Structures are given as structure tokens and as C-alpha cells.
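Okay, so here's the structure we're looking at.
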Amino acid sequence: MNYIDLSGLRVRIDQGVAYVTIDNPPLNLLDGILLPSLRRFVWAVREDIDVRVIVFESADPEFFIAHGDMRFITEPASVMAATDAVLAAAPDVPVPATLNMMAAVHEEIRALPQLTIGKIAGFARGGGNELLMALDMRFAAIGKSGQAQPEALMGIIPGGGGTQYMTALIGRARALELILGAELVDAELAEKYGLVNRALPASDLDSFVGELALRIASLRPGIIAAAKTAVGASRTPISVEGLSIENKASMSLFTSDSANLAQQQLRAGVQTREGERDLEGLLLGMKRS
């Protein structure tokens with residue numbers, strides 16, 4: 001299977017494990033480059049019988065995925081271009097008309113037959129955290145990781161599956177707390193709330209995830225898919241209907257006001273490395289001024 005032509009991604013296969021390194025400088029934005037590459041990877045790897053576990057990690061020590069590209073708010077043409085690129089990435093696979101491109105890609109990742117693991121050693125906000133929540137497991141480095149849905153501070157709400165994924169993981173009350181409070185959650189609180197499986201010392205993250213991935217990849221063929229099917233049937237599944245409601249509610253907030261706010265936030269330093277290090281502080285500071 002060819003995993004070479006994937007802009008923003010590097011893929012290495014070892015003993016049944018695909019290590020997918022997100023490398024889309026300067027901030028690993030979920031943009032018109034990364035989204036199509038993720039979709040191309042998904043539709044290639046799902047047919048690869050030599051891959052049983054997929055580990056998503058980042059080449060950037062500070063950012064797993066910063067968030068979705070804010071040009072999707074400020075520049076309608078960029079949304080259209082990214083949508084066309086996502087559709088072209090798997091032209092024979094239809095995307096539900098009621099879903100946006102980000103939610104559609106996250107759902108395709110969530111539906112992979114392989115076991116998927118997120119290794120978090122940096123910030124994952126917005127669409128980056130939504131991608132993580134679409135995975136089967138997540139492990140976070142203590143003192144290094146941070147997860148957040150900051151959309152409310154940007155004048156919108158999560159639209160890449162976040163309202164549905166987060167509620168399924170941590171429950172309604174905590175989901176509302178994190179979505180409306182827009183707090184950056186460290187590894188320990190993420191573990192306590194159920195956003196991640198475990199919070200681990202940063203020095204142990206690579207070895208723990210690597211050993212777990214290899215242990216699962218060594219299982220008899222069919223066990224992973226059977227377990228995912230059985231576990232998935234034990235609770236009310238996330239549905240296209242729920243994601244469609246999220247998409248409609250989210251899109252209703254994409255107005256000229258939200259675009260103007262996004263332009264102000266970009267000028268203030270959002271989507272720069274310095275601004276993204278304390279994104280919540282920057283956004284809250286603008287709100288108070």
C-alpha cells in the first residue's frame with residue numbers, strides 16, 4: 001500500500017502498526033492540506049490487511065493539531081477549495097449531504113476497522129481535539145498535553161463532531177462545561193473526566209503506547225473488529241442525525257459577525273505560535289477589552 005503522497009502526514013508501518021505522524025507546519029492546522037490527506041489515508045489503510053493498529057502522533061512537540069483553519073470562517077473560498085479537495089481524495093465515496101467536510105472525515109476515521117490510538121504530547125484544540133475524540137483510545141503526556149474546544153470564544157460552537165463525541169465520552173454536564181467554558185484541559189483532568197484513557201509521565205508516553213499498540217496488533221485476525229463491533233453495540237451510537245443537528249447549529253453561527261470576530265482574533269495573534277501557546281488567555285483578553 002502506498003502512503004507516500006500524503007501532504008502533512010508521514011506514515012511508517014512496523015509489525016502491524018501504522019504510525020501516522022502529523023507534520024503540517026507551522027501549526028499542524030486541520031486545513032485544506034491535512035484534511036484531504038487524512039481522507040486519502042483512511043481509504044487506503046482500511047483495505048490494508050497488514051495494518052491492525054493505527055497510532056496518530058505529531059511531529060510538532062507543542063501542537064498535536066492546533067485547530068481547524070480559521071480561514072474556513074473568514075474566507076468562504078477556502079472552505080469551497082478544501083471541500084473540493086476532500087471530495088476528490090476519495091471520489092467514489094459519497095459524503096453525507098448534511099455533514100461538513102471535517103465531521104465527515106472524522107466519521108470515516110471513527111469507522112476504521114483498525115484500532116486507532118491518539119498520542120497527545122502537545123495542544124489539541126477545536127478540530128484537533130475532535131479528531132482525537134473520534135479515535136478508539138487516547139493517551140496524554142502529563143505536563144505537555146492540553147485539550148480544548150475554544151469555539152465558543154470564537155463566536156461559534158464545535159462543528160467537527162465535538163458536541164456528539166464529547167458527550168458520548170464524558171456525559172452531558174461535563175461536555176457543556178468544557179464546550180461553553182472553553183477551558184484548556186490538562187492530562188490529569190482529561191483522565192479524570194474521561195477525555196483520555198490515561199495520563200502518563202511524558203517520558204513514558206512513547207514506550208507505553210508503542211507496547212500497547214504492538215500487543216494489540218499481535219492479536220489473532222478478526223479480534224479487533226469483533227471487539228469494536230461488540231463494544232460499539234453496548235451503548236447508543238453516535239448518529240449521522242446527531243452530527244447533522246450539530247452541523248446545522250454550528251453553521252447558523254457562521255455570519256458576518258463571526259467572520260469579523262475571527263479577523264480581529266487573527267490580527268491579535270491567533271494562528272501564530274506565540275498566540276496559540278495561550279489561546280484561551282488571548283481570546284478571553286480580547287473579550288474583556
Side-chain angles (χ1 to χ4, degrees), residues 27-30 56 58 60-70 72-73 102-103 106 118-135 137-202 205 238 246 249-250 253 258 261-262 264-266 268-289:
L27 290 166
N28 279 355
L29 289 175
L30 203 53
F56 289 88
S58 174
D60 191 316
E62 285 191 280
F63 298 97
F64 178 81
I65 293 176
H67 47 69
D69 190 347
M70 287 182 67
F72 293 160
I73 304 175
M102 196 176 292
H106 292 164
K119 188 165 69 174
I120 320 163
F123 295 137
R125 295 182 173 105
N129 192 47
E130 289 170 313
L131 186 151
L132 280 170
M133 293 190 294
L135 304 180
M137 300 180 188
R138 290 150 296 280
F139 298 91
I142 296 170
K144 298 279 189 179
S145 76
Q147 295 168 255
Q149 298 297 148
E151 290 89 347
L153 296 176
M154 297 174 169
I156 54 175
I157 63 170
T163 65
Q164 307 300 292
Y165 298 155
M166 187 174 283
T167 305
L169 283 172
I170 69 176
R172 180 179 183 275
R174 283 176 167 169
L176 285 170
E177 174 196 344
L178 297 188
I179 289 169
L180 296 178
E183 177 185 356
L184 182 66
V185 176
D186 62 21
E188 293 94 337
L189 185 59
E191 180 187 60
K192 180 179 179 180
Y193 271 27
L195 271 180
V196 301
N197 293 60
R198 300 194 198 192
L200 297 161
L205 182 66
I238 293 165
E246 176 196 83
S250 175
L253 299 173
S258 62
L261 177 60
Q264 293 170 25
Q265 292 169 339
L266 285 168
V270 172
Q271 226 153 275
T272 66
R273 290 194 78 84
E274 188 62 34
E276 293 287 341
R277 289 187 178 112
D278 183 21
L279 180 64
E280 291 74 20
L282 188 156
L283 296 174
L284 286 168
M286 289 185 65
K287 188 176 179 181
R288 295 188 186 106
S289 62

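Computed from a predicted model, the values in this text were never measured in an experiment. Quick note: numbers below take in every heavy atom, side chains included, and nothing from hydrogens, waters or symmetry partners.
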Would you compute the distance between atom CE of Met154 and atom CD of Gln265 and round it to the nearest 0.5 angstrom?
6.0 Å

Rounded distance (nearest 0.5 Å) linking atom CG of Asn129 with atom CG of Leu195:
6.0 Å

Closest heavy-atom contact between Phe63 and Asn28?
O-ND2, 3.3 Å

Atom of Met102, atom of Gly127 and distance for their closest heavy-atom approach:
SD-CA, 3.8 Å

Can a donor-acceptor pair be found, under 3.5 Å and without considering hydrogens, that links the side chain of Gln271 to the backbone of Leu266?
no

For the atom pair CG (Leu30) and CG (Leu131), what is the distance rounded to the nearest 0.5 Å?
6.5 Å

Does a side-chain heavy-atom distance below 4.5 Å link Gln147 with Val196?
yes

Asp60: salt bridge (charged side-chain N to carboxylate O under 4.0 Å, His left out) partners, not counting sequence neighbours:
Arg273

Apply the side chain to side chain contact (heavy atoms under 4.5 Å, CB included) test between Pro150 and each candidate in Val270, Leu284, Ile179, Leu279; give the one that qualifies.
Leu279

To the nearest 0.5 Å, what is the distance between OG1 on Thr163 and CD1 on Ile157?
6.0 Å

With sequence neighbours excluded, what pairs up with Glu276 under the side chain to side chain donor-acceptor pair (under 3.5 Å) test?
His67

Do the side chain of Glu130 and the main chain of Ala103 share a donor and acceptor less than 3.5 angstrom apart?
no

I'd like to know whether CZ of Arg174 has more than 12 heavy-atom contacts from other residues, nucleotides or ligands below 6.0 angstrom.
yes

Just verifying a value: how many Å separate Arg125 CZ and Phe64 CZ, rounded to the nearest 0.5 Å?
14.0 Å

Quick one: does any side-chain atom of Asn197 pair with a main-chain N or O of Arg138 as donor and acceptor, under 3.5 Å?
yes

Measure the CZ-CG distance between Arg198 and Leu205 for me, rounded to the nearest 0.5 Å.
12.0 Å

Is a side-chain N or O of Thr167 found less than 3.5 angstrom from the main chain of Ala175, in a donor-acceptor match?
no

Evaluate the side-chain proximity of Val185 to Tyr193: yes if any heavy-atom separation is below 4.5 Å, no if none is.
no

Of the non-hydrogen atoms in Leu132 and Gly118, which two are nearest, and what is the gap between them?
CD2-CA, 3.9 Å

Looking only at non-hydrogen atoms, find the nearest pair between Met286 and Ala268 and report the distance.
SD-CB, 3.5 Å

Would you name the heavy atoms of Ile142 and Pro201 that are closest together and state the gap between them?
CD1-N, 3.9 Å

How far apart are the closest heavy atoms of Ala199 and Ala187, and which atoms are they?
CB-O, 3.4 Å

In chain order, what residues pass the side chain to side chain donor-acceptor pair (under 3.5 Å) check against Gln164, with sequence neighbours excluded?
none

Determine whether a donor-acceptor pair (N or O, by modelled atom type, separation under 3.5 Å) exists between the side chain of Gln149 and the backbone of Pro158.
no

